[in-house]
Every structure is written in structure tokens, then in C-alpha cells.
Amino acid sequence: MKLSTLFTKSKKDVPAGETAKNAQLLIKAGFVEKEMAGVYAYLPLGKKVLDNITRVVKEEMNIIGGQEISLTALQPKELWEVTGRWNDDVIDVWFKTKLNSGGEIGLGVSHEEPLTALLKNYITSYQDLPVFIYQVQTKFRNELRAKSGLMRGREFLMKDMYSFARTEEEHQKLFTEAKKSYERVFKRLGLSDKTFFTTADGGMFSSDFSYEFQTVTDNGEDIIYLDRDKNIAVNEEIMNDEVLSKLGLKKENLEQLKASEVGNIFNLGTKYSKPFELNYLSEDNKLEPVIMGCYGLGISRVMGVIAEILSDDKGLVWPEEIAPARFYLINLGSDSEVIEAANELYKRLIDEGIEVLYDDRDVHAGEKFADADLSGIPYRVVISNKTVAQEKVELKPRLSSEPELLSIDKLIETFGVKL
RNA sequence: CGGGGAUUGGCGCAGUUGGCUAGCGCGCCGCGUUUGGGACGCGGAGGUCGGAGGUUCGAGUCCUCUAUCCCCGACCA
């Protein structure tokens, strides 16, 4: 993509009211636009990042056998009355509205009910289980106070996966697989150093604990207590002596940290399968309730968290897998040889299947460098009189301050698609 | 939902006790000079001051109501 044709541009100022670092940077760099509190539109570069995060998540869910579907955002009241969760005292963040033809509907806050109901049409035998089903969808929650930029929205993108097992033991197996896949996701997203498996309250989903992936950041909403040696944490909401001894943790080894919940996985047991009568016939011809699990991952929130914690004073820093492009290509100056060389390299990179954002604008070097840094694209490639004279290009990783000169062939050999 | 702050061109802001054609910076358009870290000169376009009502000869400025945004708290399935 050429920057001269990209309709967005970076800003020098950000709204004073926007204090969350993630929102400030993403708005400044032209990745998102705020529509209202907790509701953001994604612009071309931001949409690429969001899609890339989604891609990584889907790949990992698919590896463990996740089957992707897409449920509906419009939810009929009747479905949620089965579990009592239509009641505003139970779920107080519904966006509810009426159909012109009569019924009452809500915008999906989560999807346990519809999926459990749906599976009644397909799960009848022990031979139909186990199964992982997931979707990536916009969720709507009427938060009293949206805040922290992308980290607590009223409309946000979430991957929610559900597991369906025959027995508690089978559920545990699925749970462990899902947990591992989450660890791979956070590793690929560059968050693993700061993300910890955390035991938390089961909330209204479960009478047992729930488990969260908490990424340490000052802008987080949760407080966790981390045992660095054991690499596990406890959410403040369940911190007490009983829980600690159950988890084998000692108070004196714990470090108090602020964190943001980027993922949440837990056992639903038969909480939903019972009311919806989602049963299967066992080998010995007995009707048994399906054991369910739930695995959430806030994709747009993760994007906010990454913007928040991986950035530096110059701007965003995207991990390679999710960056909007691999290279930020700059032509320096207006000499025709330079521009020609840069244009040629741009074409070559496209031919080689390397994503590149080409800053072909007629602006000063400083502005291009500043935007290159701000955008967080992993590698900056500069074509100038100097590089043209030596028949080389200049390469600089986003976080490095030392550019290196190398030939175009070497560049492509290093970064091109391996066939 | 409680408390605090805010709303003035696309963005960031200023606008004294009410007073004349509402300013500044960024960005934008044109011409020229520049070109390895957000350059400069000259000339332009663009706002009716969140909304509604009121006080007044006169309201961006005062009063009432209202909407929205931000922060702290509560909430967070």
C-alpha cells in the first residue's frame, strides 16, 4: 500500500480527553477512530492488525480441532429466559430493543445460550462428542462506564469457543488443550512475558473457579497476585487463605500487580446443558448431560493491550505476526533515481509477497521517520542517494537505532516467503 | 449510578468584570525556497461557539434544562 493513497493520516495531537495510552497511540497513528465512548471504528491499518490477531487466534483454535461458526448478534428474549439471564438483575449490560413485529430482542453479550440450544439439533450420541466450536464476533455490552480505550468497550470483537464433552475427565483434557492453545496465542502475539495464568472467581457462569489470562499493565482493571517462581497468579477477587492453600501458594511469595484480562477459560459443567436439556445417549444407552467449557479471548482488547504495553515513546510496536505490514519503505529526497529505485523495490517486494507500506509522500525525512516509528511496523527500509550509489538498501528494525546496509537480494532472501 | 472536570473550524487550544467583523497552533489549498529526524516564506479556504429555553439594547461569556466525552469510585455475566 502506498501512503500517498491511504486515506488516513497520522496526527500530531490527540484529544486531550483521551488519556488511555493505547487509544492515544492508535488514534494518533490513524489506526482507529472513536465513534463514542467504548466504540471504535477501525481504519485501514488498524483493521489489518485486528484481522491479523484474529488470524492468529483462529489458526490456534483450528489446530486443536476448533470448528468455526458464526452465531447471531440479535438474540431472542425467550432463549435467555431459559437460564434466567434475560433478567437485568442477572446481566445488567444488555442492549435490549423490540421487534416491530412484536418480540423483544437483545444484542448478544455472550453466546452460551444460543449455541447450547443450537447443538440440541446435532448432539444426540456419545459418538458426536467431544467437540470444540468457536466464533469470532462483535459483542455488545451496555457498560455504565466504558474506559481505557480499546480495553473496555461497549462494542468489541471477541473470540468465544465452547467445548462439549461426555465426562468431567474428558472436559479436563479439552480444557488443557485449550489452555495450551491460549499460551501459544499469547506467545505469538508477543504477550507471553507479561501474561499469567490466573485463578479467579467463577462468577455467574460457574460455581467453581474460573481461569484467566491476565496481562500485566498499569492500565488494567484487575489486581492479581503473582507467584513468579510458579508462574501462576490469583485474582484479588478470590484472594484468601483458603484459596491460597488450595492452590499451594504462599502469601509472602506473591507480588501485587495490575493486569488486564485478555482471556478467560473455565468449566461450565452442566450449567447450560441441563436447562436446555442438551443430552447425549451413552454407550450403555443412558441419557447424560453434556459437560461444557467456555474459552473467551477479547481480540480488540488484546489489540489495545499490545498497543499499550509494547509501545515506546516513539509510538506503536507491533509483533511481526500482527503488524499491518512487514516493511515501512521510505524514499528520501526527490531525486528521480531515488524515487525510481524505491518504486522498483516496492514492486519487487509485492512480487515476493512481502507486505509493505510505501511512504512515497513528498514530505521531509523527519516526518517519514516519525511516522515509520509511530506506525510500529517491524522494519524500516530506506532508499536514498547513498543507498542507490552503493546499490543497497538501508534496513532498521523498529526497536533498533542502528540501520544496516544490505543488497535487495539479501533483503528478500531474509524476509521473503520461503518456498 | 455517586463525585469531579470538560464541550469554541478536520485536530489541539485561547477567548479578562457580557460589548463591535470569534482568535492562535497543527492540518488543508496555491506559489516559491527546502529535503537523513515532524523545514520556511508569501497568499488562501474553513467555525455561529454541543443542543433547547431564558435574562439583556447586546450572550462563546450569565441562568435553567439536556446530551455527550474524560477521570475517580461502584459495577464488570
Side-chain angles (χ1 to χ4, degrees), chain A residues 7-20 23-24 27-30 33-40 75 80 83-94 106 108-113 139-149 151-154 156 158 160 200-207 210 212 219-223 235-237 260-261 264 266 268 271-272 294 296 298 301 313-315 328 330-336 338-339 359 361-375 380-389 394 396 401 403 405:
Chain A
F7 80 85
T8 61
K9 55 183 69 140
S10 63
K11 300 174 191 290
K12 282 188 182 170
D13 302 305
V14 288
E18 195 71 69
T19 57
Q24 280 187 345
I27 289 169
K28 195 172 178 211
E33 178 92 19
K34 177 149 71 178
E35 188 71 28
M36 52 188 263
V39 179
Y40 292 84
Q75 291 290 310
W80 293 78
T83 52
R85 295 212 298 169
W86 182 256
N87 191 327
D88 288 331
D89 295 336
V90 180
I91 293 186
D92 60 3
V93 291
W94 276 110
V109 291
S110 187
H111 283 84
E112 288 79 8
E113 279 82 350
K139 305 286 189 212
F140 300 90
R141 296 183 187 179
N142 199 345
E143 298 281 357
L144 222 37
R145 186 183 163 202
K147 60 170 192 170
S148 306
M151 291 166 64
R152 187 180 191 185
R154 291 183 167 128
F156 57 93
M158 179 171 169
D160 46 324
D201 185 39
M204 19 199 11
F205 276 126
S206 161
S207 51
S210 77
E212 300 168 338
N219 208 9
E221 298 187 301
D222 289 307
I223 293 180
N235 193 308
E236 183 181 50
E237 64 200 13
S260 178
E261 180 189 330
N264 186 332
F266 48 97
L268 296 175
K271 190 175 162 71
Y272 295 92
C294 171
R301 173 181 281 183
D313 57 341
K314 289 182 173 160
Y328 190 101
I330 292 175
N331 59 23
L332 269 198
S334 48
D335 289 351
S336 57
V338 169
I339 292 185
D359 193 344
R361 298 171 302 170
D362 183 23
V363 299
H364 275 73
E367 198 167 340
K368 295 191 178 188
F369 291 147
D371 275 336
D373 288 338
L374 180 61
S375 71
R380 188 184 83 189
V381 175
V382 174
I383 300 292
S384 65
N385 281 318
K386 188 173 85 182
T387 67
V388 168
E394 177 190 295
K396 185 187 87 67
S401 53
L405 286 176

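The basis for the numbers below is simple: all heavy atoms, side chains too, and nothing from hydrogens, waters or symmetry mates. Labels below follow one simple rule: chain letters A, B, ... track the order of the sequence lines, proteins then strands, and each chain is numbered from 1.
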A.B. asks: When the ring planes of A:Trp86 and A:Trp94 are compared, do they come out parallel, tilted or perpendicular, using 30° and 60° as the limits?
C.D. replies: tilted
A.B. asks: Just call it for A:Glu221: base, sugar-phosphate, or nothing, with non-hydrogen atoms closer than 4.0 Å on any strand.
C.D. replies: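 The residue A:Glu221 makes base contact.
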A.B. asks: Look at atom CD of A:Glu237 and say whether more than 12 heavy atoms of other residues, nucleotides or ligands are closer to it than 6.0 Å.
C.D. replies: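 Check passes, neighbour count above 12.
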A.B. asks: Which is true for A:Ser334 with a 4.0 Å heavy-atom rule: it touches a base, it touches only sugar-phosphate, or it touches nothing?
C.D. replies: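 Base, at least one base heavy atom under 4.0 Å.
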A.B. asks: In whole Å, what separates the P atom of B:G30 from that of B:G36?
C.D. replies: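 Between the two P atoms, the distance is 24 Å.
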A.B. asks: Would you mind classifying the nucleic acid contact of A:Asp371 as base, sugar-phosphate or nothing, using non-hydrogen atoms under 4.0 angstrom?
C.D. replies: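 Base contact - A:Asp371 has a heavy atom under 4.0 Å of at least one base atom.
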A.B. asks: Over all heavy atoms of both residues, which pair between A:Ile223 and A:Asn235 is shortest? Give the atoms and the distance, please.
C.D. replies: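 For A:Ile223 and A:Asn235, the tightest heavy-atom pair comes out as O-OD1, 3.6 Å.
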A.B. asks: I need the minimum non-hydrogen distance between A:His111 and A:Trp80, along with the two atoms involved.
C.D. replies: N-CH2, 4.5 Å
A.B. asks: Which one, B:C1, B:G38, B:G36, comes nearest to the side chain of A:Lys12?
C.D. replies: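 Looking only at heavy atoms from C-beta outward on A:Lys12, the closest nucleotide is B:G38.
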A.B. asks: If we call it a pair only when both distances are under 3.5 Å in a Watson-Crick or G-U wobble match, what pairs with B:A59?
C.D. replies: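 The base-pairing partner of B:A59, which may sit in any strand shown, does not exist here.
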A.B. asks: Less than 4.0 angstrom between a side-chain N/O of A:Lys34 and OP1 or OP2 of B:C70, yes or no?
C.D. replies: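 Yes, within the criterion.
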A.B. asks: When rounded to the nearest Å, what value does the distance between P atoms of B:C20 and B:G73 take?
C.D. replies: 44 Å
A.B. asks: Roughly how far apart are A:Asp160 CG and A:Cys294 SG, rounded to 0.5 Å?
C.D. replies: 7.0 Å
A.B. asks: In whole Å, what separates the C1' atom of B:A52 from that of B:G12?
C.D. replies: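 Pairwise C1' distance, B:A52 against B:G12, rounds to 28 Å.
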A.B. asks: Suppose you measure atom C1' in B:G47 against the same atom in B:U56; what distance do you get, rounded to whole Å?
C.D. replies: 25 Å
A.B. asks: Can you measure A:Asn235 atom CG to B:C76 atom P for me and round it to whole angstrom units?
C.D. replies: 12 Å
A.B. asks: Send over the distance from A:Leu144 CG to B:C76 P, rounded to a whole Å.
C.D. replies: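 Roughly 11 Å, once rounded to whole Å.
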A.B. asks: Find the partner of B:C49: check Watson-Crick (N1-N3 plus N6-O4 or O6-N4) and G-U wobble (N1-O2, O6-N3) distances, both under 3.5 Å, and reply none if neither fits.
C.D. replies: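 Across any shown strand, B:C49 pairs with none.
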A.B. asks: Is there a donor on the side chain of A:Glu367 or the base of B:G37 sitting less than 3.5 Å from an acceptor on the other?
C.D. replies: no
A.B. asks: OP1 or OP2 of B:C69 versus the side-chain N and O atoms of A:Arg154: is any pair under 4.0 Å?
C.D. replies: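 Yes, such a contact exists.
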A.B. asks: Taking only the side-chain nitrogens and oxygens of A:Lys386, find out if one of them lies under 4.0 Å from OP1 or OP2 of B:G36.
C.D. replies: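 So the side-chain polar atoms of A:Lys386 never come under 4.0 Å of the phosphate oxygens OP1 or OP2 of B:G36.
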A.B. asks: By the 4.0 Å heavy-atom rule, please label A:Arg380 as base, sugar-phosphate, or nothing.
C.D. replies: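 It contacts base atoms.
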A.B. asks: May I have the distance from A:Phe140 (atom CZ) to B:C76 (atom C1'), rounded to whole angstrom?
C.D. replies: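 Distance check: A:Phe140 CZ to B:C76 C1' gives 18 Å.
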A.B. asks: Quote, to the nearest angstrom, the P distance that separates B:U17 from B:C63.
C.D. replies: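 My reading of the P atoms in B:U17 and B:C63 gives 12 Å.
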A.B. asks: OP1 or OP2 of B:C71 versus the side-chain N and O atoms of A:Thr19: is any pair under 4.0 Å?
C.D. replies: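 Yes, within the criterion.
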A.B. asks: Among B:C70, B:C28, B:U35, which is the nearest nucleotide to the side chain of A:Asp362?
C.D. replies: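 Nearest to the side-chain atoms of A:Asp362, counting from C-beta on, is B:U35.
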A.B. asks: Can you find a donor-acceptor N/O pair under 3.5 angstrom joining the side chain of A:Asp373 to the base of B:G37?
C.D. replies: yes
A.B. asks: Whole angstroms only, please: what is the CG-P distance between A:Asp13 and B:G25?
C.D. replies: 13 Å
A.B. asks: Looking at every strand, decide which applies to A:Val14 at a 4.0 Å heavy-atom threshold: base, sugar-phosphate, or nothing.
C.D. replies: sugar-phosphate
A.B. asks: Now, which nucleotide makes the Watson-Crick or G-U wobble pair with B:G10, with each of the two distances under 3.5 Å?
C.D. replies: B:C26
A.B. asks: Check whether the side chain of A:Arg145 and the base of B:C69 form a donor-acceptor pair under 3.5 Å.
C.D. replies: no
A.B. asks: Give me the distance, rounded to whole Å, that separates B:G5 from B:G9 when you measure between the P atoms they each carry.
C.D. replies: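 22 Å, rounded to whole Å.
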A.B. asks: Work out which heavy atom in A:Glu112 is nearest to a heavy atom in A:Ser110; give both atom names and the distance.
C.D. replies: OE1-OG, 2.6 Å
A.B. asks: When the P atoms of B:C70 and B:C28 are compared, how many Å lie between them, rounded to an integer?
C.D. replies: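 Going atom to atom, P in each nucleotide, I get 28 Å.
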A.B. asks: In whole angstroms, how far is the C1' atom of B:C72 from the CZ atom of A:Arg152?
C.D. replies: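 Rounded to whole Å, this separation is 13 Å.
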A.B. asks: Which nucleotide, if any, forms a Watson-Crick or G-U wobble pair with B:U35, using both distances under 3.5 Å?
C.D. replies: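 Because no pair has both required distances under 3.5 Å, B:U35 counts as unpaired.
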A.B. asks: For A:Glu261, answer base if it contacts any base atom (sugar-phosphate contacts may also be present), sugar-phosphate if it contacts only those atoms, and nothing otherwise; contact means non-hydrogen atoms under 4.0 Å.
C.D. replies: nothing
A.B. asks: Scan A:Ala365 against the nucleic acid and name what it touches under 4.0 Å (heavy atoms): base, sugar-phosphate only, or nothing.
C.D. replies: sugar-phosphate
A.B. asks: Could you state the CG-P distance from A:Asp92 to B:A74, rounded to the nearest angstrom?
C.D. replies: 15 Å
A.B. asks: What I want to check is whether the side chains of A:Ser384 and A:Glu394 have a donor and an acceptor closer together than 3.5 Å.
C.D. replies: no
A.B. asks: Using the C1' atoms only, state how far B:A6 lies from B:C75, rounded to an integer number of Å.
C.D. replies: 24 Å
